[in-house]
Amino acid sequence: MHANFDLIELLPMTLPTFDEIVIPNDQTEARREHLARFVELVGNAYPSKFERSALSGNEDTISNLKAFAPVADAAKEMADVRATLEPGARPPAEIKDRLNETLKTLGTVRIAGRIATPIRGNFVHLTDGREKLQIYAKKGQFTLARNDGEADREAESAWEAWQILDHGDLVGVEGYLFVTNTGEVSVHVERLYFLSKALSPMPDKMHGIEDAEIKQRQRYLDLIASSLKVADADDGLSTRETFEVRAKAISSLRRFLEDHGYIEVETPMLTAKATGAAAKPFKTHHNALDIDLYARIAPELYLKRLLVGGFEKVYELNRNFRNEGISYKHNPEFTMLEFYCAYMDVNGMMDFCEEMIRQSVLNATGGLTVKYERNVIDFGKFRRIRMRDAVGNKAAEHNDAELLEVFENEVEHTLVEPTFIIDYPKSISPLSKASPTNPQIAERFELFINGMEVANGFSELNDPREQYERFRDQAEARERGDDEAMVLDEDYVRALSYGMPPAAGIGIGIDRLVMLLTNKHSIRDVILFPHMRPERRQEESEEGETE
RNA sequence: GGUCCGAUAGCUCAGUCGGUAGAGCAAAUGGCUUUUAACCAUUGGGUCCCAGGUUCGAGUCCUGGUCGGAUCACCA
């Protein structure tokens, strides 16, 4: 196939070469040459650190510096002045000079970031991934710091370095803040540091990365693209902003739980039995023990063992794994928040859940209403509807399984506003306590928003004998071919026999909640690295036709 | 797994009836050097996803495959 095929055969394995991974072309050739020249100029093109200044009171990231009052005020004043000018006209020199006086008294600033625009003349923008700040370099007015401890390169070499910087390189600069003739707050570079090389070219500055496959496989590139985009003809959150909202929502949930006395725990992800939910597991093998293990489908039974042990309020926020279909709302691994509270029942849990989600929406988005697709979702008030009422007048004609099916097919997708569906049939709720007034009904709810199930909670069944019988019913269903029926966990029954306090618990699908908060229509848009088929190189796909 | 759609330069995309592979951005070279996505000029850059077929001739038509997207089914 190739001339050097025999040579490749001699290698212990067919390791791809560097050039097969970072494919050379006219773009990358230039960058490789520039890198080689930087090694000559600064000694080490990949230094270990760069210390940023702290004029803003915190480390001067570009975002922090731009938010720092004197900088923000100067930018604001210039923007106001510019708004009154003809396009292309320059702001009055008096204002500019006054602002420059103020900015200069702040002293020397040291910032770092990625070169966000192609070098054109003396100006370039740096980005910290989030905000951009312009820097200005004038031949003869700055030096190039060496990364090997030697004295700086002087003007001539510094200017050469400036000219061979590539779009995407990481640099640090030392200098002073000033306002340009056109009124943009910038850093006048006095010392330039080369910090790291972009050997691969940057995405299009206007369009970014459009290919959904590349966005997901190479999320780093998607994130870079969103930080480099020039015009925010913004319809929707950038990738960066989406994951910032996700982080805020999660930290708000954690804070809410901790403020209410919950402690975070971690329970096994690899377990001998996959139970605690109705789902198919991933199977793996432990070599030393020579036993099969399963990736957990839910932490539920472990968390309730902790209630038995005396932890009254516990939560776990982590991944579950289910070996099932992939869809816009299903990823094989997904993030679930589960928590349990002793001495609380299903109604208390609904109240608590409602308030917690409301806080999270507020903290993540700044408001209580969220635009999603064509709907406006109001998190101000959650409805509560009995399942039989939701299904309507046909409810009486159906048994439990049929009722659930009618609900899922005809009602679920209509539940746009946050809605707790309550009074689930007991037969489909094997871990849930039965209602004291109606033994066919479980003290259980599910929360639906925009037609998606977001949470599932109930009064926890704590009678060990009844729990055993529920498991036994599940085992019979399994015998009949229901391969998602729940598996008996003997130790869990044993744990309950020591006495578990009355308690309520809930699981909240974090990815789905984040979809709602970010107006994303695919779970893959709110998971940084969603599951994808492995990427195969050409040679492999030609040889590996053994399916 | 079913159905529909897609894959062309580093990126974003055109490509007519089957007849020499195109643009913008990005890159290189030179000019400019307080500019605001796009300054001026010149130049280079292609496995048209892969394999096969039809044809004098395939980016284009046909078959199979790979990967992805949308949607349906199951699941949270």
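Labels below follow one simple rule: chain letters A, B, ... track the order of the sequence lines, proteins then strands, and each chain is numbered from 1. FYI, side chains are in, hydrogens and waters are out, and symmetry mates aren't considered; it's all heavy atoms of this structure.
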Return yes if a side-chain donor-acceptor contact under 3.5 Å exists between [X] and [Y], otherwise no.
{"X": "A/Arg524", "Y": "A/Asn331", "answer": "no"}
{"X": "A/Glu338", "Y": "A/Tyr315", "answer": "no"}
{"X": "A/Arg512", "Y": "A/Asn450", "answer": "no"}
{"X": "A/Thr267", "Y": "A/Arg296", "answer": "yes"}
{"X": "A/His34", "Y": "A/Asp166", "answer": "yes"}
{"X": "A/Asn519", "Y": "A/His521", "answer": "yes"}

Separation of atom [atom1] in [X] from atom [atom2] in [N], rounded to whole Å:
{"X": "A/Glu484", "N": "B/C74", "atom1": "CD", "atom2": "P", "value": "11 Å"}
{"X": "A/Lys132", "N": "B/U35", "atom1": "NZ", "atom2": "C1'", "value": "15 Å"}
{"X": "A/Glu408", "N": "B/A76", "atom1": "CD", "atom2": "P", "value": "8 Å"}
{"X": "A/Lys329", "N": "B/C72", "atom1": "NZ", "atom2": "P", "value": "9 Å"}
{"X": "A/Asn25", "N": "B/C25", "atom1": "CG", "atom2": "P", "value": "18 Å"}
{"X": "A/Asp211", "N": "B/U8", "atom1": "CG", "atom2": "P", "value": "8 Å"}
{"X": "A/Glu210", "N": "B/U12", "atom1": "CD", "atom2": "P", "value": "7 Å"}
{"X": "A/Asp97", "N": "B/U34", "atom1": "CG", "atom2": "P", "value": "16 Å"}

Touch check for [X], heavy atoms < 4.0 angstrom, all strands: base, sugar-phosphate only, or nothing?
{"X": "A/Ile209", "value": "sugar-phosphate"}
{"X": "A/Lys280", "value": "nothing"}
{"X": "A/Arg31", "value": "nothing"}
{"X": "A/Asn331", "value": "base"}
{"X": "A/Ala279", "value": "nothing"}
{"X": "A/Ala278", "value": "sugar-phosphate"}
{"X": "A/Phe178", "value": "base"}
{"X": "A/Gly208", "value": "sugar-phosphate"}

Say you pick atom [atom1] in [N] and the same atom in [M]; how far apart are they, in whole Å?
{"N": "B/A51", "M": "B/C67", "atom1": "C1'", "result": "15 Å"}
{"N": "B/C49", "M": "B/A7", "atom1": "C1'", "result": "6 Å"}
{"N": "B/G52", "M": "B/U71", "atom1": "C1'", "result": "31 Å"}
{"N": "B/A9", "M": "B/C56", "atom1": "C1'", "result": "30 Å"}
{"N": "B/A14", "M": "B/A21", "atom1": "C1'", "result": "11 Å"}
{"N": "B/A26", "M": "B/A38", "atom1": "P", "result": "9 Å"}
{"N": "B/G65", "M": "B/G2", "atom1": "P", "result": "10 Å"}
{"N": "B/C61", "M": "B/G24", "atom1": "P", "result": "27 Å"}

Proximal nucleotide (of [options]) relative to the [X] side chain:
{"X": "A/Glu453", "options": "B/U34, B/A76, B/G68", "result": "B/A76"}
{"X": "A/Ile523", "options": "B/U71, B/U34, B/A76", "result": "B/A76"}
{"X": "A/Met206", "options": "B/G68, B/C74, B/A37", "result": "B/A37"}

> Can you find a donor-acceptor N/O pair under 3.5 angstrom joining the side chain of A/Gln134 to the base of B/U35?
Replying inline: yes

Discussion item. So for A/Asp204 and B/G10, does any side-chain atom that can act as donor or acceptor lie under 3.5 Å from a complementary atom in the base?
Written reply: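 By the distance-only test, no, there is no pair.
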
So, is [X] near the phosphate of [N], with a side-chain N or O under 4.0 Å from OP1 or OP2?
{"X": "A/Arg533", "N": "B/C67", "result": "yes"}
{"X": "A/Gln27", "N": "B/C11", "result": "no"}
{"X": "A/His34", "N": "B/A28", "result": "yes"}
{"X": "A/Arg524", "N": "B/G68", "result": "no"}
{"X": "A/Lys205", "N": "B/A38", "result": "no"}

Kindly state whether the ring of A/Phe407 and the ring of A/Phe448 have centres lying under 6.0 angstrom apart.
yes

Are A/Phe142 and A/His188 an aromatic pair by the rule of ring centers under 6.0 Å?
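Aromatic pair excluded; centres sit 6.0 Å or further apart.
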
Sorted by position of nearest nucleotide on RNA chain B, 5' first, the leading residue of A/Glu184 and A/Met336 is A/Glu184

- request: Map A/Pro203 and A/Arg82 onto RNA chain B by nearest heavy atom, then report which one ends up closer to the 5' terminus.
  value: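 Here A/Pro203 is the residue nearer the 5' end.
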
A correct dot-bracket answer for RNA chain B, with pairs being Watson-Crick or G-U at under 3.5 Å, [ ] for crossing pairs and | for inter-strand pairs, is (((((((..((((.....[..)))).(((((.......))))).....(((((..]....))))))))))))....

Between A/Leu517 and A/Ala249 the two heavy atoms that sit nearest each other are CD1-CB, 3.8 Å

Next item on the list: Classify the ring geometry between A/Phe38 and A/Phe194 as parallel (under 30°), tilted (30 to 60°) or perpendicular (over 60°).
Entry: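 If you compare the ring of A/Phe38 with that of A/Phe194, the planes turn out parallel.
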
